[in-house]
Participant: 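Here it is: the structure, laid out below.
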Protein chains: 2
Amino acid sequence: MPPVTTGRADRVRVLPEPPGLPTPLPEPAVDALRLEAVMGALSDPLRLRIVRTLLLEREEFDHPCGWFALDRPKSSLTHHFRALRDAGVLRQRQYGLERRSEVRIADLEARFPGLVALVAAWTP
Amino acid sequence: MPPVTTGRADRVRVLPEPPGLPTPLPEPAVDALRLEAVMGALSDPLRLRIVRTLLLEREEFDHPCGWFALDRPKSSLTHHFRALRDAGVLRQRQYGLERRSEVRIADLEARFPGLVALVAAWTP
DNA sequence: TGCGCTGTACGAGAAAAGTCGAACCATGGT
DNA sequence: ACCATGGTTCGACTTTTCTCGTACAGCGCA
């Protein structure tokens, strides 16, 4: 299976599915996304790395926070994931006890075309 | 009698260069541009507005700082213009006593294609 | 019932960024 | 010579952000 290419928005998986994805945690609507907020969220190397990892290595859907090899305490990770979600970069769902994240590729592409590709091309 | 200024003060930099423009102030090289730094510089509404204005309303080359209608004290503007220059978003040249700025469009486009367009499309 | 797991909430200290006044400098005009 | 212009530097203050420890909560499982 090919690694994801970020230039295009493939299907939007936001539909309510009968087996049911958990409802996403509160997030800004597409037309409420603000460029300065997104930029601010992506102005941190750690968060940039989170998003990039999510873009390049998502095998299926989304990953729990511990998926990434981040050597920070959990409370720090919560902080950064929340910053990304507040800015509208990430969508998070509660799967039982773990919270998984995915990049809102379609939404970002709709409002800020090309931005996702920049993050995917980023090198630490 | 023409008021000949003393040649003791070697302000040679003020001379207009026939073929060229004044040398830009120190700035990061193209391949030293960092996405997180650029994002950080563009995560502020005021700076976003500066860059966007520069992109959309540049009539010729570049503009002095006071060109924009920013109701901030001068020291604040210096701060923000410097932040933009440090991140590599702006290039600044000293024209005699005034300092003019232009967006490093080509450089940004080379490293982060599409980013300039996002700023140009931004709405306050 | 208790343990291990994932992750949150709160709060405090540290670090970074923004804000702005005041002093200053060089230039050009009158 | 003086003043206005366009801008810098410095220092102080305020605000925001980062970092992380501690405490806690829900779920699954023996």
Side-chain angles (χ1 to χ4, degrees), chain A residues 22-27 34 36-50 62-87 89-102, chain B residues 1-16 22 24-27 34 36-50 61-87 89-102:
Chain A
T23 350
L25 282 85
E27 63 183 21
R34 301 257 65 216
E36 59 268 36
V38 173
M39 294 282 201
L42 296 177
S43 68
D44 180 279
L46 184 72
R47 294 199 286 252
L48 222 29
R49 181 173 149 201
I50 289 173
D62 32 31
H63 298 284
C65 283
W67 199 94
F68 321 82
L70 284 344
D71 50 348
R72 306 290 177 91
K74 294 183 291 181
S75 48
S76 295
L77 296 187
T78 300
H79 169 71
H80 288 292
F81 274 88
R82 182 186 161 86
L84 286 167
R85 178 165 56 88
D86 283 351
V89 178
L90 257 46
R91 169 170 298 129
Q92 293 185 288
R93 300 174 199 272
Q94 197 77 32
Y95 280 78
L97 89 151
E98 72 188 14
R99 182 173 294 192
R100 300 190 197 161
S101 308
E102 64 173 332
Chain B
M1 177 82 59
V4 176
T5 53
T6 162
R8 298 292 171 271
D10 324 75
R11 291 275 88 193
V12 218
R13 185 149 318 287
V14 190
L15 299 183
L25 283 83
E27 62 183 24
R34 301 257 65 215
E36 59 268 36
V38 173
M39 294 281 201
L42 296 177
S43 68
D44 180 279
L46 184 73
R47 294 199 286 253
L48 222 29
R49 182 173 149 200
I50 289 173
F61 252 122
D62 30 33
H63 298 284
C65 283
W67 199 95
F68 320 82
L70 285 342
D71 51 348
R72 307 290 177 90
K74 294 183 291 181
S75 48
S76 296
L77 296 188
T78 300
H79 170 70
H80 288 293
F81 274 88
R82 182 186 160 85
L84 286 167
R85 177 166 57 88
D86 283 351
V89 178
L90 257 46
R91 169 171 297 131
Q92 292 185 289
R93 300 174 198 270
Q94 197 78 31
Y95 279 78
L97 89 150
E98 71 188 17
R99 184 172 290 193
R100 300 191 197 159
S101 308
E102 65 173 331

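In what follows, every heavy atom counts, from backbone to side chain, and hydrogens, waters and symmetry copies are set aside. For clarity, every value in this text was computed on a predicted model and none was experimentally measured. Order of the sequence lines fixes the chain letters, A, B, ..., with proteins taken first and strands second; residue numbering starts at 1 for each chain.
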Participant: If each of B:Gly40 and A:Leu25 is mapped to the nucleotide of DNA chain C with the nearest heavy atom, which maps nearer the 5' terminus, i.e. the 5' end?
Facilitator: A:Leu25

Participant: Do B:Gln92 and B:Arg99 get their side chains close enough for a donor-acceptor pair, meaning under 3.5 Å?
Facilitator: no

Participant: Figure out the CG/C1' separation between A:Asp44 and C:dA16, and round it to whole Å.
Facilitator: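 My rounded result for the distance is 12 Å.
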
Participant: Could you tell me whether A:Arg85 and A:Glu27 have a side-chain N and a carboxylate O separated by less than 4.0 Å?
Facilitator: no

Participant: Can you tell which of D:dT8, D:dC18, C:dC20 lies closest to the side chain of B:Thr78?
Facilitator: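 Among the listed nucleotides, the one closest to the side chain of B:Thr78 is D:dT8.
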
Participant: The side chain of B:His80 is closest to which nucleotide in this list: C:dT19, D:dC20, D:dT8?
Facilitator: C:dT19

Participant: Can we say A:Arg47 and B:Glu36 salt-bridge, meaning some charged N sits less than 4.0 Å from an Asp/Glu carboxylate O?
Facilitator: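 Answer for the salt bridge query: no.
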
Participant: In whole angstrom, give the distance that lies between atom CZ of A:Arg85 and atom P of C:dG7.
Facilitator: 13 Å

Participant: Out of C:dT19, C:dT8, D:dT19, which has the shortest distance to the side chain of A:Lys74?
Facilitator: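 Per side-chain heavy atoms of A:Lys74, the pick is C:dT8.
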
Participant: CZ of B:Arg72 versus C1' of D:dG7: gap in Å, rounded?
Facilitator: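 B:Arg72 atom CZ is separated from D:dG7 atom C1' by 18 Å.
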
Participant: Measure from CE on A:Met39 to P on D:dT17 and round the result to the nearest Å.
Facilitator: 17 Å

Participant: Could you tell me whether the phosphate oxygens of D:dT8, OP1 or OP2, come under 4.0 Å of any side-chain nitrogen or oxygen in B:Arg82?
Facilitator: no

Participant: Roughly, in whole Å, what's the span from CD1 in A:Ile50 to P in D:dC18?
Facilitator: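 From A:Ile50 CD1 to D:dC18 P: 12 Å.
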
Participant: Check every atom of D:dT19, C:dT8, D:dG6 against the side chain of A:Arg99 and return the nucleotide holding the closest atom.
Facilitator: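 Among D:dT19, C:dT8, D:dG6, the one nearest the side chain of A:Arg99 is C:dT8.
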
Participant: Donor-acceptor pair under 3.5 Å: do we get one between A:Ser75's side chain and the base of D:dG21?
Facilitator: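 Such a pair exists between side chain and base.
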
Participant: Which nucleotide in the list D:dG7, D:dT19, D:dC18 gets nearest to the side chain of A:Arg47?
Facilitator: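 The answer is D:dC18, which lies nearest to the side chain.
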
Participant: For B:Arg93 and D:dG7, what is the distance between atoms CZ and P respectively, to the nearest whole Å?
Facilitator: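 Rounded to whole Å, this separation is 16 Å.
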
Participant: Rounded to whole angstrom units, what separation is found between the CZ atom of B:Phe81 and the P atom of D:dT8?
Facilitator: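 After rounding, the reported distance stands at 9 Å.
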
Participant: Starting at the 5' end of DNA chain D and moving along, which residue's nearest nucleotide shows up first, A:Leu46 or B:His79?
Facilitator: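 By nearest-heavy-atom nucleotide position, the 5'-most residue is B:His79.
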
Participant: Please find the pair of heavy atoms, one from A:Ala41 and one from A:Val89, that lie closest to each other, and give the distance.
Facilitator: CB-CG2, 4.3 Å

Participant: Is it true that B:Glu98 and B:Arg100 have a side-chain N and a carboxylate O under 4.0 angstrom from each other?
Facilitator: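 Yes, charged N to carboxylate O under 4.0 Å.
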
Participant: To the nearest Å, give me how far apart CG (B:Leu77) and P (C:dA17) are.
Facilitator: 19 Å

